[in-house]
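I have placed the structure first, in the form of structure tokens, so that the comments after it can refer back to it.
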Amino acid sequence: MCEVCCKQKGSDGEAWKSLVQIRQRTLHKKTLFYIEQLILKHNMHRDAMNIREIEGGLNFYYQAKNNARKMVDFLLGVIPCQYKTSQELVSHDIQSNVFNYKYTFFVEITPICKDEVVCLPLSLSRQLNQISQISICTQISENIHLIDPTTLKIGQLNADTFYCTLPLCFTVFYPSYQKKKKK
């Protein structure tokens with residue numbers, strides 16, 4: 001194999017052009033399991049060359065950037081998440097002015113899962129139908145659905161609002177049965 005072919009194959013031995021990395025930073029992966037079911041239900045995995053389970057998420061390898069972009073658009077439509085893109089120059093031909101890139105899409109899923117108790121910033125709780133700062137997540141769809149346990153008022157939090165207010169001290173209280181005990 002020539003040097004260019006080895007570079008295109010990469011260190012993992014596969015000739016992928018685009019990679020979608022899906023990650024969720026929580027102790028448990030309820031929402032990630034839900035996404036796996038949605039991907040299978042909507043047959044979004046059919047264009048993937050390879051799928052690998054990595055600690056904290058999944059990697060989807062594609063031969064074309066468009067297929068990876070379809071996966072990212074699908075994820076943006078079904079769950080609250082944000083993404084970042086990057087590209088790496090693999091090779092280029094100076095005479096014909098052709099460049100070969102590998103693209104990576106990093107999709108971060110919201111760390112809030114169903115049935116978790118969430119402490120909201122005061123300003124955000126006022127925006128969400130005057131619900132209490134201590135709320136319970138009832139559902140994760142394209143929005144985060146919260147309910148005030150004292151008044152039963154419901155609020156919906158979209159991805160843009162969540163990631164804009166994330167630095168304002170969002171706290172998630174995990175149920176005690178899901179905490180891992182260290183021995």
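Computed over heavy atoms, backbone and side chain alike; hydrogens, waters and symmetry mates excluded. Just so you know, these numbers come straight off a predicted model, no measurement behind them.
For Arg69, the salt bridge (Lys or Arg N to Asp or Glu O under 4.0 Å) partners at least two apart in sequence or on another chain are Asp73. In this view, Thr104 satisfies the side-chain hydrogen bond (donor to acceptor under 3.5 Å, both in side chains) rule with no residue, not counting sequence neighbours. By the side-chain contact (heavy atoms from CB on, under 4.5 Å) test, Leu38 pairs with Tyr34, His42, Phe74, Val78, sequence neighbours left out. Not counting sequence neighbours, the partners of Ser96 by the side-chain contact (heavy atoms from CB on, under 4.5 Å) test are Asp93, Val98. With sequence neighbours excluded, the residues satisfying side-chain contact (heavy atoms from CB on, under 4.5 Å) with Leu128 are Leu120, Leu124, Ile131, Leu146, Leu157. Residues that satisfy the salt bridge (Lys or Arg N to Asp or Glu O under 4.0 Å) test with Lys70, not counting sequence neighbours, are Asp47. Taking the side-chain contact (heavy atoms from CB on, under 4.5 Å) definition, one finds that His92 meets it with Leu89, Ile94, Phe99, sequence neighbours left out. In terms of the side-chain hydrogen bond (donor to acceptor under 3.5 Å, both in side chains) criterion, Asn66 has no residue partners (sequence neighbours excluded). The side-chain hydrogen bond (donor to acceptor under 3.5 Å, both in side chains) check on His145 picks up Ser141, Gln156, with sequence neighbours excluded. In terms of the side-chain hydrogen bond (donor to acceptor under 3.5 Å, both in side chains) criterion, Ser86 has no residue partners (sequence neighbours excluded).
Between the side chain of Gln24 and the backbone N or O of Leu32 there is at least one donor-acceptor pair closer than 3.5 Å.
With rounding to the nearest 0.5 angstrom, the CZ atom of Arg126 is 4.0 Å from the CG atom of Leu122.
A cation-pi arrangement, defined by a distance under 6.0 Å to the six-membered ring centre and an angle within 45 degrees of its axis, is present between Lys65 and Tyr103.
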